[in-house]
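Everything on this sheet refers to the single structure shown next.
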Amino acid sequence: MATKLLRPCFHLPLTRLQGAVHSRFHTSRFNLSRRRSHVTTCAADEVLRSLSKNGEVAVLVAEGTQLVQEACRRHGTAPTASAALGRALMGTLLMGSFKEEGERTQVTFKGNGSLGSMQVIADTYGNVKGTMTNPSADPPLREDGKLNVGAAVGRGVLAVVRSHPKNEHPYQGMIPIATGEVAEDLARYLADSEQTNSALALGVSINRDTSIRSAGGFLIQVLPFAGENTLRQLESNLASLPSVTELLHQGLGPADITARLLEGIGLSDVPSSSLCPRYGPCEIGDLQDRMKRAVALLGPQEVNNIMQEEGKIEVTCEFCRETYQFEQEEVLAVV
């Protein structure tokens, strides 16, 4: 385990690769905004946001095993593509949750690896979805026998777009892809483009039958006025912490992992906020509405031409991989 400490932004790159586990930890910067506490009881996956007792640190922890499993099922991903997509889903989910109402976060990896382009979109409510050019991407294993996500993603550009209905123009940031390992590149983006102070960890564990054993991550947000003692304790906690997937394998949930991260600092008396994340939304009613709007953009003439040639219009959602056929009456009603 390599440790590199930089002030005032601490940097502790940790790699935990055991068995089928492939996770990365890196740090950057992140701003902290206070929100009203809201506790939700989740049946399985959960995103939990907590504040430290001294108010200097906020922690977001996500468990998203079922969410990532659904994404991989829908896209029919190979093991390496599953790991890449799972990390991107967890990272974008952490970056996009608990923001202002209506805000959306879009993360796009445009690399030259066999995976092609990978795009993930999350909203503030815990909905997240993703797609990629080649879900069958599965390059040879690394020399250490682990999945080579970096080779699958390749080098290129990482672009992040944050949009809100109230803003005339979305915020856009872009950096070169440094490693393709997803977590490290997202951390670099937070540091370079958003000038934020944070620590980010992502992990996806894959079973021998290629199903998802566990998936999750955490994002630690540090306020500018955080004291030296707080930073020192955080560094100590992170240095001794197992990977996210290993913690999940031990049966720890988001609340348990939060307690480990804030050990020696303490948890605020203010109740934590939680979300029940899900993949999508991919409900047929929601999909049909979105598909109709997309078809309407073609215009009446183009719709009529397609109908004359094909007799129907078939649309597939690239995120949900669901296909719906529109009859002429349905389409013309919205054009």
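Residues: numbered from 1 along the sequence shown. Please read all numbers here as calculations on a predicted model, not as lab measurements. Worth knowing before you read on, the calculation uses all heavy atoms, side chains too, and leaves out hydrogens, waters and symmetry mates.
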Hydrophobic cluster membership, V128 vs V161, 4.5 Å side-chain cutoff: no
Pairwise side-chain contact, R74 with F319, heavy-atom cut-off 4.5 Å (strictly under): no
Spacing of OG1 belonging to T77 relative to CE belonging to M132, to within rounding of 0.5 Å: 6.5 Å
Smallest separation among heavy atoms of A178 and D185, with atom names: N-OD1, 2.7 Å
Donor-acceptor side-chain pairing of Q233 and N229 below 3.5 angstrom: no
Separation of T258 OG1 from R260 CZ (nearest 0.5 Å): 11.5 Å
Over all atoms of both residues, closest heavy-atom pair of A201 and L94: O-CD1, 4.5 Å
Stepwise side-chain contact (heavy atoms from CB on, under 4.5 Å) test for L247 and L241: CA-CA 9 Å; L247 292 170; L241 195 71; 4.0 Å; yes
Criterion side-chain contact (heavy atoms from CB on, under 4.5 Å) on R162 and Q106, from CA distance to verdict: CA-CA 6 Å; R162 294 189 185 271; Q106 176 179 300; over 6 Å; no
T323 versus T316, side-chain donor and acceptor atoms under 3.5 Å: yes
Heavy atoms of other groups near E143 CD, more than 12 under 6.0 Å: no
Check ion pair K53-D269 (N to O, under 4.0 angstrom): yes
Test item: F98 and V47 side chains (from C-beta on) under 4.5 Å apart, heavy atoms: yes
Student check: side-chain heavy atoms of S117 and F109 closer than 4.5 Å: no
Donor-acceptor contact present, side-chain N134 to main-chain S136, <3.5 Å: yes
Donor-acceptor under 3.5 Å (Y279 side chain, G130 main chain): yes
H164 side chain to K166 backbone, donor-acceptor under 3.5 Å: yes
Residue pair L190 / S198: nearest heavy atoms and the distance that separates them: CD1-OG, 3.7 Å
Donor-acceptor side-chain pairing of E314 and Y324 below 3.5 angstrom: no
Side chains of E56 and T230, donor plus acceptor under 3.5 Å: yes
Flag side-chain contact, heavy atom, 4.5 Å: M118 against T108: no
side-chain contact (heavy atoms from CB on, under 4.5 Å) assessment of T105 paired with Y171: CA-CA 10 Å; T105 301; Y171 171 83; over 6 Å; no
Worked check of side-chain hydrogen bond (donor to acceptor under 3.5 Å, both in side chains) between N304 and Q308: CA-CA 6 Å; N304 286 326; Q308 290 177 7; 5.9 Å; no
From CA spacing to verdict: side-chain contact (heavy atoms from CB on, under 4.5 Å), T124, S97: CA-CA 4 Å; T124 187; S97 297; 5.9 Å; no
Heavy-atom donor-acceptor pair, R155 side chain to T179 backbone, under 3.5 Å: yes
Side chain proximity check, R49 to Q221, heavy atoms < 4.5 angstrom: yes
Side chain N148, main chain R142, donor-acceptor under 3.5 Å: no
Transitive ILVMFWY side-chain link M174 to V182, under 4.5 Å: no
Heavy-atom donor-acceptor pair, Q195 side chain to A191 backbone, under 3.5 Å: yes
Path from L261 to L267 over hydrophobic side-chain contacts below 4.5 Å: yes
Non-hydrogen atoms of C320 and P281 that approach each other most closely: SG-O, 3.8 Å
Side-chain donor or acceptor of D256 paired with backbone N/O of G253 under 3.5 Å: yes
Atom of P79, atom of D138 and distance for their closest heavy-atom approach: CD-OD2, 3.7 Å
Test item: T80 side-chain N/O and L147 main-chain N/O as donor-acceptor pair under 3.5 Å: no
Close side-chain approach of M95 to Y189, heavy-atom, < 4.5 Å: yes
Nearest heavy-atom neighbours spanning A71 and L89: CB-CD1, 3.5 Å
In one Ile/Leu/Val/Met/Phe/Trp/Tyr side-chain cluster, 4.5 Å: L141, V153: yes
L252 CG to S214 OG distance, which is reported to the nearest 0.5 Å: 12.0 Å
R278 and N127: side chain donor to acceptor below 3.5 Å: yes
L48 reachable from L93 in the ILVMFWY side-chain graph, under 4.5 Å edges: no
Gamma sulfurs of C317 and C282 within less than 2.5 Å: no
Point-to-point distance, once rounded to the nearest 0.5 Å, from OG of S272 to CG of L51: 8.5 Å
Test item: T133 side-chain N/O and G116 main-chain N/O as donor-acceptor pair under 3.5 Å: no
Exam field: side chain D45 to backbone P277, donor-acceptor pair closer than 3.5 Å: no
Non-hydrogen side-chain atoms of E181 and R87 separated by less than 4.5 Å: yes
Heavy-atom check, side chain of L234 versus side chain of V222, under 4.5 Å: yes
Gap separating the OG atom of S243 from the CG atom of L202, nearest 0.5 angstrom: 11.5 Å
Working for side-chain hydrogen bond (donor to acceptor under 3.5 Å, both in side chains), residues R104 and S163: CA-CA 5 Å; R104 287 161 56 95; S163 59; 4.6 Å; no
Spatial distance of atom CG (L200) from atom CD1 (I220) [nearest 0.5 Å]: 9.5 Å
